[in-house]
J.: 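Got a structure here, written out as structure tokens. Questions coming.
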Amino acid sequence: RTNTTGNVNYVQVTFTLGSQYGVNDNPNEDKYESGLIPLNSVRVGRGTFLELTPLEHVCKEYAEAAAAEDAAQLVGLSAGRVAKGTFDHTAAQPCGPQASMCASPTSVPDQFVSFNIPLGFEVFDDQASNDLSNNIFVHFVVNAIDTVERGKAKNPNAGDAPWQMKTTLFASIPIVDGGINIFCDGITAKTDLKDVADVDIVVGSAMNTGELTRLRIMQDIASTDLATVASQRIDTDSIESAL
């Protein structure tokens with residue numbers, strides 16, 4: 001998110017592989033059919049019930065646009081399609097996490113897998129609820145190899161277990177209040193703090209109106225425009241009051 005005029009959304013799915021499993025990246029297979037998470041298998045949708053929610057192949061479309069270097073290609077769910085160039089530019093801001101979309105891991109040294117799926121423009125806006133009526137549904141294939149069994153001679157006719165492992169992963173992620181992470185808005189708000197803060201410091205004390213001229217007053221000290229301000233020394237005999 002860059003400002004209040006619009007934001008792009010994506011969902012991140014994480015899971016772990018067993019210690020004996022690794023990436024199955026067969027160079028002889030179609031690039032959309034191979035890898036730990038084949039992009040052809042990634043489907044996502046937004047709705048209340050899975051049975052009534054159409055799932056869309058957003059990752060294959062995103063990867064095809066990337067391969068063609070087509071920044072104008074629309075990506076994401078039908079409810080929030082946006083130009084890939086706009087999505088990437090907004091998501092790549094340094095104030096947010098540097099997340100790669102639809103990037104199937106080529107290695108999993110710590111057995112931890114994280115996969116990001118682009119949803120599009122303002123897919124979460126006005127969708128949060130606490131009754132689980134709005135959900136993001138994700139479905140994809142996990143295509144791994146058993147690194148232990150791979151090194152053994154196999155005879156499928158004898159009932160030997162294959163070393164290739166495929167399974168499907170399904171996730172239902174509710175869109176709830178407080179369950180959406182928003183990046184970059186907070187930094188913008190911090191820089192605007194001087195616009196709402198008005199601070200004066202009064203040093204000294206006065207017993208009557210005639211002694212008011214003895215007071216040292218530093219006005220509007222919050223308006224620094226985020227520039228470095230030199231420290232000021234205040235010499236006093238005692239501390240009589242606080243700010």
Side-chain angles (χ1 to χ4, degrees), residues 1-14 46 71 75-77 79-101 103 110 112 114-136 171 173-243:
R1 185 178 180 108
T2 53
N3 50 51
T4 56
T5 61
N7 59 83
V8 296
N9 308 133
Y10 67 91
V11 63
Q12 183 180 83
V13 180
T14 59
R46 186 190 72 188
V75 297
L77 293 173
R81 290 175 68 75
V82 63
K84 180 180 180 298
T86 301
F87 185 97
D88 290 346
H89 175 75
T90 306
Q93 294 177 96
C95 49
Q98 302 305 294
S100 298
M101 298 295 119
D110 56 0
F112 184 81
S114 178
F115 189 73
N116 303 304
I117 305 172
L119 300 180
F121 183 77
E122 296 187 345
V123 175
F124 293 150
D125 284 23
D126 301 321
Q127 294 295 315
S129 64
N130 293 321
D131 59 2
L132 306 184
S133 60
N134 291 308
N135 303 276
I136 298 295
I173 306 168
I175 307 174
V176 296
D177 292 325
I180 301 171
N181 292 325
I182 300 177
F183 301 95
C184 300
D185 272 5
I187 291 180
T188 301
K190 187 182 297 181
T191 61
D192 293 337
L193 180 60
K194 63 184 178 61
D195 295 332
V196 297
D198 184 8
V199 180
D200 300 338
I201 293 181
V202 179
V203 182
S205 61
M207 297 296 294
N208 52 58
T209 56
E211 294 182 351
L212 291 176
T213 56
R214 299 169 49 191
L215 300 179
R216 179 182 176 185
I217 302 176
M218 292 175 284
Q219 294 181 316
D220 202 14
I221 64 170
S223 296
T224 64
D225 291 324
L226 299 183
T228 301
V229 178
S231 300
Q232 299 186 47
R233 180 181 178 85
I234 300 175
D235 294 318
T236 61
D237 293 329
S238 63
I239 298 176
E240 298 180 2
S241 60
L243 174 65

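Quantities reported herein were computed from a predicted structural model and do not represent experimental measurements.
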J.: Does any non-hydrogen side-chain atom of Leu119 lie less than 4.5 Å from one of Arg46?
T.: no
J.: Taking all heavy atoms of Ala99 and all of Tyr10, pick out the closest pair and write down the distance.
T.: CB-OH, 3.6 Å
J.: Look up atom NZ in Lys84 and atom NE2 in His89, then write down how far apart they are to the nearest 0.5 Å.
T.: 13.0 Å
J.: Indicate the atoms forming the closest heavy-atom contact of Ala92 with Gln98, along with that distance.
T.: O-OE1, 3.4 Å
J.: Stepwise, does the side chain to side chain contact (heavy atoms under 4.5 Å, CB included) test hold for Asn7 with Phe124?
T.: CA-CA 9 Å; Asn7 59 83; Phe124 293 150; 5.8 Å; no
J.: Closest heavy-atom contact between Val123 and Gly80?
T.: CG2-CA, 4.2 Å
J.: Identify the heavy atoms of Leu215 and Ala206 that sit nearest to each other, and give their distance.
T.: CD2-N, 4.2 Å
J.: Hey, what do you get for CZ (Arg81) to CZ (Phe121), rounding to the nearest 0.5 Å?
T.: 14.5 Å
J.: Please report the shortest heavy-atom distance between Glu211 and Met207, naming the atom on each side.
T.: OE1-N, 2.7 Å
J.: Mind checking the CG-CD1 spacing from Leu77 to Ile136? Nearest 0.5 Å is all I need.
T.: 6.0 Å
J.: Between CD1 of Ile173 and CG of Asn135, what distance do you get to the nearest 0.5 Å?
T.: 9.0 Å
J.: Quick check: closest heavy atoms across Ala71 and Ala83, and the distance to 0.1 Å?
T.: O-CB, 3.6 Å
J.: Determine yes or no for a side-chain-to-main-chain donor-acceptor pair under 3.5 angstrom, with Asn116 supplying the side chain and Ser100 the backbone.
T.: yes
